[in-house]
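Below is one structure, written out as structure tokens; the observations come after it.
Along the sequence shown, the residues carry numbers beginning at 1.
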Amino acid sequence: MLLEIALALVLGAVIYHYIFKKKEETLQMEDGWWGAGEEPETEEEKTVRPFKIEASEEMLKDLHAPIDLTRWTAPLEDIRFHYGFNLTYLQKVASYWRNQYSWQKQVEILNKYPHFKTNIEGTAGFGLISSLVGLAAYILEKLSTWTDAEFCNLEDGGLERNYSLDELLTNIMIYWVSGSIISSMRFYKENLGDGLGHRKHERVKVKVPTGVASFPNELRHAPPVWAEKKYTNIVSFADMPHGGHFAAFEQPEILAADIRQFVGKVERK
């Protein structure tokens, strides 16, 4: 009798495992082509190579010309950032960019750090540069509203509360020089265009050690009880004192400290 019960239990466990228990989902790696035109027949050069950023006179001429040719319209009065980017403040940014900003100086600062490049599915070479000042307005508007929604009530969008004009313009220059604004926009469109929860990768659980830094002005929030449904091995969950979507740019010190404490916890496990 005991043997029959044991066999029934084993059989039941087997049936439950293969029929009722949900199988773990995995993502299959695929090799696509994201570059312009047809995928080349020969394999791309994908080695990682060190490089130095350069600032040529020709590049500076290409920079100044579109700023000089910008067609300005009369701004609305006292709009602050309620109707998009404040045109009066944008004129200030453009004037500083044209007459005082030094790309050469910023390149010297950037080149103090190691830089590496490679080809990734041919995405390099795109660029939204038909209006350089328009590109600046697009990027800086995000740096305002995605840092703190309340900044829309300020004449400068709160941009100079966290960043200098040199830092803001160097950020734009990196996009312009590398021609990477389109690929950066594709990330948001292809991950959020259909809404949350529609992509397969959003449903696959992450089991590696995970750290969560929750900044109060981030666009979306996931409390621990929600985050644990996706990330099953959260070793650090920190409610940060301040900061928004661009935390690494806006609050580098507190983010770096949180990353260090997370790494320390993982290493001690």
* Ignoring hydrogens and angles, tell me if any N or O in the side chain of Thr70 forms a donor-acceptor pair with the backbone of Pro66 under 3.5 Å. => yes
* Below 4.5 Å, heavy atoms only, C-beta onward: do Ile109 and Gln106 meet side chain to side chain? -> yes
* Asked: Any idea which heavy atoms bring Thr47 and Thr118 closest together, and the distance?
  -> O-OG1, 3.1 Å
* Given the rule that I, L, V, M, F, W and Y join up when any side-chain heavy atoms are under 4.5 Å apart, are Leu255 and Leu219 in one cluster? -> no
* In terms of hydrophobic clustering (I, L, V, M, F, W, Y; side-chain heavy atoms under 4.5 Å; direct or indirect links), are Trp72 and Tyr96 co-clustered? -> yes
* Please name the pair of heavy atoms, one in Ala222 and one in Ala227, separated by the smallest distance, quoted to 0.1 Å. => O-CB, 4.2 Å
* Asked: Judged by atom type as modelled, is there a donor-acceptor pair below 3.5 Å linking the side chain of Asn86 to the main-chain atoms of Asp156?
  -> no
* Test: Lys142 cationic atom under 6.0 Å from Tyr138 six-membered ring centre, within 45° of axis -> yes
* Please report the C-alpha distance between Phe81 and Phe151 in whole Å, then the side-chain angles of each, then the deciding distance to 0.1 Å, and finally whether the ring-ring contact (aromatic ring centres under 6.0 Å, His included) criterion is met. => CA-CA 8 Å; Phe81 269 59; Phe151 284 173; 9.4 Å; no
* Inter-residue atom distance Glu250.CD - Asn217.CG, 0.5 Å rounding -> 7.5 Å
* Asked: Counting only heavy atoms not in Lys105, do more than 12 fall under 6.0 Å of its NZ?
  -> no
* Are Val212 and Val204 connected, step by step, through hydrophobic side chains (Ile, Leu, Val, Met, Phe, Trp, Tyr) whose heavy atoms are closer than 4.5 Å? -> no
* Asked: Which atom names give the shortest non-hydrogen contact between Ala137 and Phe85, and what distance separates them?
  -> O-CD1, 3.7 Å
* Asked: What class does the angle between the rings of His115 and Phe51 fall in, given that below 30° is parallel, 30 to 60° is tilted and above 60° is perpendicular?
  -> tilted
* Side chains of Ile181 and Ile139 in contact at under 4.5 Å (non-hydrogen atoms) -> yes
* Asked: Can we say Lys92 and Glu160 salt-bridge, meaning some charged N sits less than 4.0 Å from an Asp/Glu carboxylate O?
  -> yes
* Any side-chain heavy atom of Pro224 within less than 4.5 Å of one from Ile234? -> no
* Asked: So do Leu140 and Tyr89 actually touch side chain to side chain, heavy atoms under 4.5 Å?
  -> no
* Can you tell me how far the CG atom of Leu169 sits from the OG atom of Ser102, to the nearest 0.5 Å? -> 11.5 Å
* Any chance OH of Tyr83 has more than 12 other-residue heavy atoms, nucleotides or ligands included, within less than 6.0 Å? -> no
* What's the verdict on side-chain contact (heavy atoms from CB on, under 4.5 Å) for Leu154 and Arg161, showing C-alpha distance, side-chain angles and the deciding distance? -> CA-CA 11 Å; Leu154 303 175; Arg161 288 193 174 190; 3.6 Å; yes
* Structure fact -> Here the pair of heavy atoms bringing Ala94 nearest to Val133 is CB-CG2, 4.4 Å
* Path from Phe246 to Ile259 over hydrophobic side-chain contacts below 4.5 Å -> no
* Structure fact -> For Pro216 and Pro241, the nearest pair of non-hydrogen atoms, with its separation, is CG-O, 3.9 Å
* Between the main-chain N or O of His242 and the side-chain N or O of Gln251, is there a donor-acceptor pair closer than 3.5 Å? -> no
* In terms of hydrophobic clusters joined by side-chain contacts under 4.5 Å, are Leu159 and Leu165 together? -> yes
* Asked: Just wondering, do Leu143 and Phe249 contact through their side chains at under 4.5 Å, heavy atoms?
  -> yes
* To do: Could you tell me whether a side-chain N or O of Glu218 sits under 3.5 Å from a main-chain N or O of Phe215, the two making a donor and an acceptor?
  => no
* To do: Supply the atom-to-atom distance Asp148 CG to His245 NE2, rounded to the nearest 0.5 angstrom.
  => 14.5 Å
* Asked: Hey, is the main chain of Val208 close enough, under 3.5 Å, to the side chain of Thr210 for a donor-acceptor pair?
  -> yes
* Atom CH2 in Trp97, atom CD1 in Ile67: separation rounded to 0.5 Å? -> 5.0 Å
* Asked: Would a distance-only check, ignoring hydrogens and angles, find a side-chain to backbone donor-acceptor pair under 3.5 Å from Lys207 to Asn233?
  -> no
* Tyr163 and Thr147, any side-chain heavy atoms less than 4.5 Å apart -> yes
* To do: Evaluate whether atom CD of Glu150 has more than 12 neighbouring non-hydrogen atoms of other residues, nucleotides or ligands under 6.0 angstrom away.
  => no
* To do: Determine, step by step, whether Arg80 and Asp78 satisfy the side-chain contact (heavy atoms from CB on, under 4.5 Å) criterion, reporting the C-alpha distance in whole Å, the side-chain angles of both residues, the deciding distance to 0.1 Å, and the verdict.
  => CA-CA 6 Å; Arg80 288 159 284 179; Asp78 193 32; 3.7 Å; yes
* Would you mind reporting whether Lys265 and Phe262 have side-chain heavy atoms less than 4.5 Å apart? => no
* Give the intermediate values and the outcome of side-chain contact (heavy atoms from CB on, under 4.5 Å) for residues Arg98 and Leu63. => CA-CA 8 Å; Arg98 175 64 177 85; Leu63 169 66; over 6 Å; no
* Rounded distance [0.5 Å steps], OG in Ser180 versus CE in Met185 -> 11.5 Å
* Structure fact -> Looking only at heavy atoms, the pair that brings His221 and Ser214 closest together is ND1-OG, 3.7 Å
* To do: State whether Asp258 and Arg260 are salt-bridged, where the test is any N-O pair (Lys NZ or Arg NE/NH1/NH2 against Asp/Glu carboxylate O) under 4.0 Å.
  => no
* Taking C-beta and beyond as the side chain, do Thr170 and Tyr101 meet within less than 4.5 Å on heavy atoms? -> yes
